[in-house]
Amino acid sequence: MFPVLLLSWWYGRGWFWVADSVNQKLVAINEAFSVGILLKTLFAPWKQIQSPTSFRNFLQSSIDNFISRFIGATVRIGMLIGALFSFTVVIVGGFVAIILWPIIPLLVVILPIISLQAGGL
Amino acid sequence: MKTETTLRINSPRALKSRYAKSLRSKNSKYVFYIVLILSVFGGGYLAAFAGSSLWGFALIPGVLAFVIYLWDEGELKSLHENIDNRAIDGQLSPLILANLKTDSPSAYEIWQAVADTNDRWFFQNRYMLHHSIFEEFLNKQAGSAESIWSIAFELQKKYQTVGLTPSVLIVALLKSIKDVEKMLRRAKLELSEIEQGIEWLNDIEAKRRLAKEKQHFGGWARDWAYGYTPLLRYLGHNISEEVQYHGFFVDTALHSQVVDQMIKAMGSGTSSMTLVGDIGSGKTTSVYAFAERLLKDRSVPKAVKHSQVVSLDAPTLLSQTRSIGELEGLVMRLLNEARRAKNIILFFDDAQVFFGQGTGGVDLSNVIQPALEAGSVRLIFALTPKEWQNVGSKNPAIASRLQPMQVTPAGEQETIHVLRDQVLFIEYQKKVLYTQQALKEAYRLGSRYVDNQVMPGAALSVLEAAAPVAKDGYITAEVVQQSIESSIGVKIQQSKGDESQKLLTLEDDLHKYVINQKQAVSVIANALRRSRSGVGNPDRPVGTFLFLGPTGVGKTELSKALARVYFGSEKAMVRVDMNQFVDPQDVSRLITPMLGEQLGLLGQVRKQPFSVVLLDEIEKAHPSVINLLLQTLDEGVMRDVDNKPVSFKDAIIIATSNAGADEIRKLISGGEDPSKLQTHLVDTIIERQIFAPEFVNRFDEVVVFRSLTQDELVQVIDLIIAGINKTLDKQKVQVELTAEAKRWLVDKGYDAKLGARPMRRVVQKYVENILAKRILEQTADSGSVIKLDVPDFEQQEEV
């Protein structure tokens with residue numbers, strides 16, 4: 001019964017399990033990189049570093065605040081690129097895993113055949 | 001869907017359970033890794049270096065190990081969550097399913113299947129449920145498990161467990177045993193409590209899962225849009241970070257209502273609030289729960305989402321400054337930093353100190369008030385109701401800006417829930433284990449003896465204090481009792497051995513100090529026996545007595561004797577002269593625990609609850625004082641000036657009075673039987689309005705002390721002489737009086753109105769003076785017995 005139970009899971013709920021694992025990794029990346037927060041605060045000043053604005057120092061404070069927002073946006077965009085890269089790796093890796101999933105148990109048969117063929121037997 | 005009541009031990013789920021069990025064995029994980037590594041390296045070697053075409057075969061074990069590993073991870077490990085509602089084997093925990101060997105097991109075989117699970121050890125350790133109960137009393141006949149399955153399904157439904165867990169089956173097995181309740185009662189347990197063990201295990205499992213789960217707190221970029229807080233980081237304690245990095249595993253159900261209110265208020269624009277609750281009610285815990293919700297709960301309003309709660313304490317701030325001006329400046333900088341950062345909520349624990357109350361208090365109202373009025377920084381204060389009242393009366397402007405949130409003390413069930421969570425941490429730190437009975441006892445004793453905290457804090461303090469006295473690592477109800485007994489000096493455990501013997505012969509011991517007054521001695525001895533055998537009402541004082549009688553008949557002496565004989569020393573007597581409480585304003589003096597440097601009545605009882613409280617000359621007290629005593633006599637509680645209860649439930653309260661003394665003398669000289677005087681005398685003192693009927697009726701007994709006869713006064717002389725001899729023991733000198741000498745002393749000192757009171761003076765004048773001279777003249781050598789007779793006294797009188 002062992003192989004029957006194993007294979008029935010592998011080609012049944014196992015496939016969904018792989019897909020779910022990929023999904024969980026995507027959620028974890030989304031959380032770790034704070035993607036939602038980054039998008040919402042993309043142009044917010046970096047760490048609230050701002051000059052108080054008044055009529056007399058309007059120009060100076062505007063420049064300071066622009067720099068703060070610029071730094072903030074740069075760092076956040078850098079982080080978003082990192083998140084995008086991680087998403088890509090997981091999506092591609094997950095896609096490959098889902099495609100290869102049904103083949104893995106068959107390797108028990110496939111690998112000896114390949115090795116024998118490669119050896120010219 | 002209808003549940004089948006059949007068990008198939010060869011169903012796919014049962015087989016998977018058995019495979020899972022094999023894969024969970026001790027070394028299986030290493031076998032997997034070794035096979036995988038050997039296979040990959042072996043295949044690689046054959047292909048690359050040996051030029052063999054058999055590398056594919058070498059990789060087969062590795063592929064198989066990998067596939068089985070994934071199956072285990074993907075399905076077998078979560079088998080307990082995959083429940084099939086249609087059959088028993090679909091619902092049974094895989095741990096048990098793997099252990100069952102037949103389709104129709106006996107009750108005993110089910111026990112064997114659960115016996116090696118963690119849940120079995122949980123019940124054995126937490127409830128002291130010995131396995132012999134199951135071994136001896138469970139049915140061993142095949143197929144006898146029918147009833148157990150149905151009980152188990154009921155329990156599963158009741159406690160919402162995922163399938164038939166080992167805990168559910170253990171309780172079901174226990175419930176199936178005949179007369180189990182009687183057996184449990186012997187261990188001071190009830191079935192309902194054992195059932196709650198299922199809930200307790202569910203909670204532990206949930207916490208275990210929570211600790212393992214990956215938590216989402218907002219990610220790396222969460223705080224990039226908020227300001228730097230270097231000073232707060234240096235001087236404050238970031239509760240949110242503590243929750244994030246170390247976890248928060250306290251059962252927050254108790255304070256969920258307060259936390260909801262806090263989130264709602266702060267989310268809707270209220271900038272500051274005060275948590276008002278007694279010490280131990282869980283104000284700080286509520287703030288931790290609040291901090292956790294702000295980080296984890298996606299449904300909290302945007303205004304507070306991901307906000308950081310930073311706690312500030314007075315000692316840290318004070319240590320950084322040299323003057324109040326510097327301190328104000330520092331707090332101002334901290335408030336400004338919090339305001340600029342935009343994601344900080346400041347928490348002032350023990351906030352009374354910041355409003356100039358209590359030890360080391362500094363008044364920072366000048367700094368806090370403008371911040372509150374501007375509403376630019378969010379603040380949470382924690383205060384007791386009295387401290388909040390003080391803030392309200394001294395700084396109404398501040399109080400009006402703070403939204404009060406009441407943190408109420410927990411009830412028994414809520415406290416037990418909190419304790420179950422908290423003991424896990426104490427157990428880990430102190431390497432001990434608390435039983436369910438210990439938790440219950442901590443609640444009972446905490447509410448009775450810990451008067452500076454409310455629940456659940458009070459019970460938690462009791463449990464923490466009990467840890468050092470654990471027996472073999474276990475903290476049982478008895479250990480908790482012992483711990484309280486040694487720290488407070490009360491007697492909680494049922495009397496046994498020497499103490500029981502002492503209680504049974506208490507009258508004899510008391511009569512060594514008090515002549516006659518059999519009724520008084522008897523009622524006191526009976527009250528103590530009732531209390532210490534557990535028969536008496538534990539929610540009232542041990543005994544309340546009104547002693548009526550003339551001066552010098554032994555009323556006070558009996559109280560002293562009781563303190564000496566049973567409570568260990570005369571110091572265990574708290575004596576209050578009620579003639580000092582004759583005005584209405586004296587009430588406040590009576591309920592003030594500290595009178596200057598000295599302890600007042602309540603201070604003494606709080607320090608020494610197991611005592612004799614003697615209210616001397618009660619008839620002289622003002623009616624307001626008497627009214628105050630009514631509740632104490634009834635419920636064993638008196639509230640101090642701060643409205644904190646002081647328990648008199650372990651005390652014997654004795655009130656003495658001379659009221660009706662003339663009446664007693666008149667009636668006794670008229671030949672009336674003293675034992676029949678009580679009703680008549682009570683009527684008389686009520687008629688004469690000396691005491692109100694409701695006051696007299698509050699006492700367990702009204703005891704009439706009759707005047708002592710001359711023969712009895714001779715016995716009093718004997719007692720006084722015995723006392724002198726005890727004092728002379730050190731000098732190895734003893735004194736003896738002839739019968740005539742004793743009679744002479746009685747004649748000399750007899751006063752019908754003053755009873756035995758003049759006797760001590762007479763003995764001092766005649767006996768002690770003669771002794772002193774002889775010792776100084778060295779006519780009484782060490783080891784000698786000085787015999788005194790009438791001529792000695794007459795000679796002394798001439799002098």
Side-chain angles (χ1 to χ4, degrees), chain A residues 1-10 12-18 20-21 24 27-50 72 75-76 79-80 82-83 101 104-121, chain B residues 10-16 18-20 22 39 43 46-47 50-64 66-68 70-76 78-79 82 214-229 298 302 305-306 337 339-344:
Chain A
M1 279 300 276
F2 186 89
V4 176
L5 291 171
L6 190 156
L7 292 174
S8 61
W9 174 78
W10 195 276
R13 288 166 69 175
W15 222 325
F16 293 102
W17 176 70
V18 184
D20 188 50
S21 303
Q24 278 179 27
V27 170
I29 290 168
N30 183 44
E31 290 286 339
F33 283 86
S34 328
V35 175
I37 295 171
L38 287 175
L39 291 172
K40 273 182 214 159
T41 60
L42 193 59
F43 297 107
W46 175 249
K47 296 298 273 179
Q48 289 290 325
I49 299 169
Q50 291 181 90
V75 176
R76 288 186 187 99
M79 192 73 163
L80 283 171
W101 183 256
I104 295 170
L106 301 177
L107 289 177
V108 176
V109 181
I110 295 169
L111 285 175
I113 294 170
I114 293 173
S115 71
L116 289 174
Q117 278 180 351
L121 291 172
Chain B
N10 285 319
S11 69
R13 192 166 180 274
L15 290 170
K16 284 177 193 172
R18 288 203 276 279
Y19 298 144
S22 318
S39 173
L46 288 176
S52 169
S53 56
L54 297 177
W55 57 268
F57 291 95
L59 286 173
I60 292 175
V63 172
L64 283 176
F66 183 58
V67 168
I68 292 170
L70 289 177
W71 184 33
D72 188 35
E73 286 293 316
E75 186 179 31
L76 300 185
S78 51
L79 212 51
N82 298 326
K214 180 133 183 65
Q215 305 284 314
H216 300 301
F217 292 109
W220 299 316
R222 184 190 64 200
D223 302 327
W224 287 0
Y226 303 112
Y228 286 113
T229 55
R298 285 162 192 269
K302 272 185 189 172
K305 197 172 181 180
H306 295 147
E337 201 172 90
R339 180 179 57 77
R340 277 197 297 266
K342 290 191 174 160
N343 66 334
I344 300 293

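Just so we're on the same page: letters track the sequence lines, and every chain starts at 1.
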**Q.** Derivation and outcome, side-chain contact (heavy atoms from CB on, under 4.5 Å), residues R222(B) and T41(A)
**A.** CA-CA 10 Å; R222(B) 184 190 64 200; T41(A) 60; over 6 Å; no
Q. With a 4.5 angstrom heavy-atom cut-off, which part of L70(B) approaches chain A: side chain, backbone, both or neither?
A. both
Q | Portion of Y228(B) that has a non-hydrogen atom of chain A nearer than 4.5 angstrom | A | both
Q. Closest heavy-atom contact between P112(A) and I60(B)?
A. CG-CD1, 3.4 Å
Q) For S115(A), does its backbone N or O pair with a side-chain atom of S53(B) as donor and acceptor, under 3.5 Å? A) no
**Q.** Residue pair W71(B), F2(A): steps toward the side-chain contact (heavy atoms from CB on, under 4.5 Å) verdict
**A.** CA-CA 11 Å; W71(B) 184 33; F2(A) 186 89; 3.6 Å; yes
Q.
Under 4.5 Å from any heavy atom of chain B, what part of I104(A) do you find: side chain, backbone, both or neither?
A. both
Q: Under 4.5 Å heavy-atom distance to chain B, tell me which part of L6(A) shows up: side chain, backbone, both or neither.
A: both
**Q.** Residue Y19(B) excluded, over 12 heavy atoms near OH under 6.0 Å
**A.** yes
Q | Side chain / backbone / both / neither for M79(A) at chain B, heavy atoms under 4.5 Å | A | side chain
(Q) Report which part of W46(A) has an atom under 4.5 Å of a heavy atom belonging to chain B: side chain, backbone, both, or neither. (A) both
Q. Closest approach of G218(B) and S34(A), non-hydrogen atoms and distance?
A. O-OG, 2.7 Å
Q. What part of V4(A) is in contact with chain B, defined as an atom under 4.5 angstrom from a non-hydrogen atom: side chain, backbone, both or neither?
A. neither
Q) Looking at CG of D72(B) and CH2 of W9(A), how far apart are the two atoms once the value is rounded to the nearest 0.5 Å? A) 9.5 Å
Q. From S11(B) OG over to M1(A) CE, what is the distance, rounded to the nearest 0.5 angstrom?
A. 9.0 Å
**Q.** chain A contact via N82(B) - side chain, backbone, both or neither, heavy atoms under 4.5 Å
**A.** side chain
Q) Would you call W17(A) and E73(B) a side-chain contact if the rule is heavy atoms closer than 4.5 Å? A) yes
Q | Distance, nearest 0.5 Å, that separates NZ of K40(A) from NZ of K302(B) | A | 5.5 Å
Q) Checking A341(B) against chain A: side chain, backbone, both or neither under 4.5 Å from a heavy atom? A) backbone
Q. When rounded to the nearest 0.5 angstrom, what is the spacing between CH2 in W55(B) and CD1 in I114(A)?
A. 6.0 Å
Q: Heavy-atom pairs under 4.5 Å with chain B are the metric here; pick the option from G36(A), P45(A), A32(A) that has the most.
A: A32(A)
Q: Quick one: do R76(A) and W224(B) satisfy side-chain contact (heavy atoms from CB on, under 4.5 Å)? Show the steps, please.
A: CA-CA 9 Å; R76(A) 288 186 187 99; W224(B) 287 0; 4.0 Å; yes
Q: Let me know if L38(A) has heavy atoms under 4.5 Å from chain B in its side chain, its backbone, both or neither.
A: side chain
Q | Residue pair L116(A) / L54(B), side-chain heavy-atom distance below 4.5 Å | A | yes
Q | Gap separating the CD atom of Q48(A) from the CZ atom of R340(B), nearest 0.5 angstrom | A | 10.5 Å
Q. If you look at every heavy atom in A221(B) and I37(A), which pair is closest and at what distance?
A. O-CG2, 4.0 Å
Q) K47(A) and D223(B): side-chain contact (heavy atoms from CB on, under 4.5 Å), yes or no, with the steps? A) CA-CA 8 Å; K47(A) 296 298 273 179; D223(B) 302 327; 4.2 Å; yes
Q: State the CG-CG distance between L107(A) and L64(B), to the nearest 0.5 angstrom.
A: 10.0 Å
